[in-house]
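Worksheet for the structure shown next.
Given the structure is predicted, the values throughout are model-derived calculations rather than measurements. So that the names make sense, note that chain A is the first sequence line, chain B the second, and so on, each numbered from 1.
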Amino acid sequence: MSEWTRRVRDVVRAIPPGRVASYGLVALVAGRPGAARAVGLAMSGCDDPAVPCHRVVHADGSLAATFRAQHARLRRERVAFVGRRVDIARHGWLPRLPQGARSSRTTRKDSAAA
DNA sequence: AAAATGACTGGGA
DNA sequence: GTCCCAGCCATTT
């Protein structure tokens with residue numbers, strides 16, 4: 001397992017139940033702004049049960065097409081949906097960003113929850 | 001070493 | 001609103 005994968009995993013583990021974070025936000029917190037796609041790659045296994053991979057969603061609240069169990073798992077945590085997407089405004093995770101975590105682009109949307 | 005891949009994203013159509 | 005495309009990035013061929 002690469003350093004990157006391990007780092008992503010650690011961030012995801014910090015997402016509290018009932019909260020969700022976009023791939024982009026995870027990348028930002030992991031120290032690689034803009035690496036959203038790479039985050040998805042790191043999560044593709046989702047074998048470790050200690051990692052709440054279902055709490056990672058697309059920036060617009062929609063879910064990964066290939067991760068079918070995601071919707072059910074989120075609802076099990078009482079996460080509300082608006083149509084086919086998660087209600088980011090109410091369930092978006094507001095992490096404590098690392099110092100100097102510059103928001104190259106994913107920030108506005110990702111931290112818009114409040 | 002070079003090219004293809006994919007649980008992404010923002011912007012434009 | 002939905003669809004499509006061109007960048008992005010670490011991993012895998």
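Distances were taken from every side-chain heavy atom of A:Ser2 (C-beta onward) to each of C:dA10, C:dG7, B:dA7; the shortest belongs to C:dA10. Across B:dA7, B:dG6, C:dT11, the shortest atom-to-atom separation from the side chain of A:Thr66 is found for B:dA7. Set against B:dT9, B:dG6, B:dA7, the side chain of A:Leu41 has B:dG6 as its closest nucleotide. Of the candidate nucleotides C:dC9, B:dA7, B:dC8, B:dA7 has the atom lying nearest to any side-chain atom of A:Ser44. When distances are taken from the side chain of A:Cys53 to each of B:dC8, C:dC9, B:dA7, the shortest belongs to B:dA7.
Of the possible donor and acceptor atoms, none in the side chain of A:Arg73 sits under 3.5 Å from a partner among the backbone N and O of A:His54. Using modelled atom types, no side-chain atom of A:Gln70 and backbone atom of A:Ala65 make a donor-acceptor pair closer than 3.5 Å.
Smallest separation of non-hydrogen atoms from A:Ala21 and A:Trp93: CB-CE3, 3.7 Å.
Atom-to-atom, CG of A:Leu63 to C1' of B:dC8 comes out at 14 Å; the value is rounded to the nearest Å. What separates CH2 of A:Trp4 from C1' of B:dA7 is a distance of 14 Å, to the nearest Å. When rounded to the nearest whole Å, the span between NE2 of A:His58 and P of C:dT2 equals 15 Å. Here the C1' atom of nucleotide B:dC8 and the CZ atom of A:Phe67 are 16 Å apart, to the nearest Å. In this entry the distance linking CZ of A:Arg55 with C1' of B:dA7 reads 16 Å, nearest Å. Atom CE in A:Met43 sits about 13 Å away from atom P in B:dA7, given to the nearest Å. Going from atom CZ of A:Arg32 over to atom P of B:dT9 covers 18 Å, rounded to whole Å. In this structure, A:Arg9 places its CZ atom 16 Å from C1' of C:dA10, rounding to the nearest Å.
Judged purely by distance below 3.5 Å, without hydrogens or angles, the side chains of A:His91 and A:Glu77 never pair a donor atom with an acceptor atom.
A:Arg85 comes within 4.0 angstrom of the backbone, heavy atoms only, and of no base.
Taking hydrophobic clusters as Ile, Leu, Val, Met, Phe, Trp and Tyr residues chained together by side-chain heavy-atom distances below 4.5 Å, A:Val79 shares a cluster with A:Val57.
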